[in-house]
Amino acid sequence: MTNLPEPIERVLHTEEQVSTRIQEIAAEISAKYAGRDLKLIGVLKGSVFFLTALARAITIPVKIDFLATSSFNGHTSSTPGMVRIAKDLDDAIEDEDILLVEDIVDTGFTTRYLLQTLAGRGPRSLGICTLLDRTSRRIVQVPVDFRGFEIGDRFVVGCGLDYKQLYRNLGYIAVLDPAALEPDEK
Ligand code: IMP
Ligand code: MG
């Protein structure tokens, strides 16, 4: 493919593949939650592109809300103590069916922390939907209900995922050239 931004090595999943997969997940979600009131909770900022595409493809009425965790600096630096909520939800989730929407579940620390925090607020149900799942780097186990793609141990950008806040707006998922990454992110 031509016209790739310079630090991008190769495209892992094309825009078309991503879009097709999102339609498939949306169909599964629409079937599973039919007749119920589903609220999608997005984790800012990485999940925004995925969440909006997913919400558009879901055929049942959904509510959306967002929270933000403390910023993640790099690929390997996340530890349980470093995760905190930097921006909380606007509304309560008590007695609601909640689907937490993530860009990627990597070590699992972020997701586990959010699951524990949200579970304490008394939702009727609490599921996890992630665009990308990198199980090879998992440190804490989290129950992923819906996943777009399993990916290997390479740093990726696009579809909401960033490197130093850039490349979130790429429609495809791409591997960065390792030479462009700082040492702790390779
Ligand atoms: P975890 O707590 O280790 O599961 O990390 C989750 C967060 O790390 C994600 O929400 C991303 O913000 C970030 N992250 C992990 N891997 C990547 C990657 O390959 N590219 C961009 N961000 C990543
Ligand atoms: Mg990030």
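Counting convention: from 1, in listed order, for ligands and their atoms alike.
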Heavy-atom contact under 4.0 Å between [X] and ligand 1?
{"X": "Gly46", "result": "no"}
{"X": "Arg134", "result": "yes"}
{"X": "Val157", "result": "no"}

For Gly108, counting its heavy atoms only, list the atoms of ligand 1 lying under 4.0 Å from any of them. 1 (P), 3 (O), 4 (O)

Within ligand 1, which atoms have a heavy atom of Thr110 less than 4.0 Å away?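 Listed by number with element, the hits are 1 (P), 2 (O), 5 (O), 6 (C).
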
Ionic contact status for [Y] with [X], cut-off 4.0 Å:
{"X": "Arg134", "Y": "Glu150", "result": "no"}
{"X": "Asp88", "Y": "Arg121", "result": "yes"}
{"X": "Glu94", "Y": "Arg124", "result": "no"}

Let me check something: any side-chain donor-acceptor pairs from residues 50-61 under 3.5 Å, sequence neighbours excluded? List them with distances.
residue	atom	partner	partner atom	Å
Thr52	OG1	Val48	O	3.1
Thr52	OG1	Phe49	O	3.1
Thr59	OG1	Ser30	OG	3.3

Can you tell me if Ser125 and Asp97 form a side-chain donor-acceptor pair at under 3.5 Å? yes

Geometry only, no angles: is [X] polar-contacting ligand 1 at N/O separations under 3.5 Å?
{"X": "Glu102", "answer": "no"}
{"X": "Thr111", "answer": "no"}
{"X": "Val105", "answer": "no"}

Option whose closest heavy atom lies nearest to atom 20 (N) of ligand 1, chosen from Val156, Asp162, Asp133, Asp106: Val156

Identity of the nearest option to atom 23 (C) of ligand 1, non-hydrogen atoms only, from Ile104, Asp153, Val175: Ile104

Of the backbone atoms (N, CA, C, O) and the side-chain heavy atoms from C-beta on, which set of Thr107 has a member under 4.0 Å from an atom of ligand 1: side chain, backbone, both, or neither?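 Both backbone and side chain.
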
Please tabulate, for side-chain N and O atoms in residues 139-147, each donor-acceptor pair with protein atoms closer than 3.5 Å (sequence neighbours left out).
residue	atom	partner	partner atom	Å
Asp145	OD2	Ile128	N	2.7
Arg147	NE	Asp133	OD2	2.6
Arg147	NH2	Asp133	OD2	2.7

Do Phe149 and Leu132 have side-chain heavy atoms sitting under 4.5 Å apart?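 They are in contact (side-chain heavy atoms under 4.5 Å apart), so the answer is yes.
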
Keeping the roles fixed (side chain from Lys87, backbone from Phe66), state whether a donor-acceptor pair exists under 3.5 Å.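 Answer holds: yes.
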
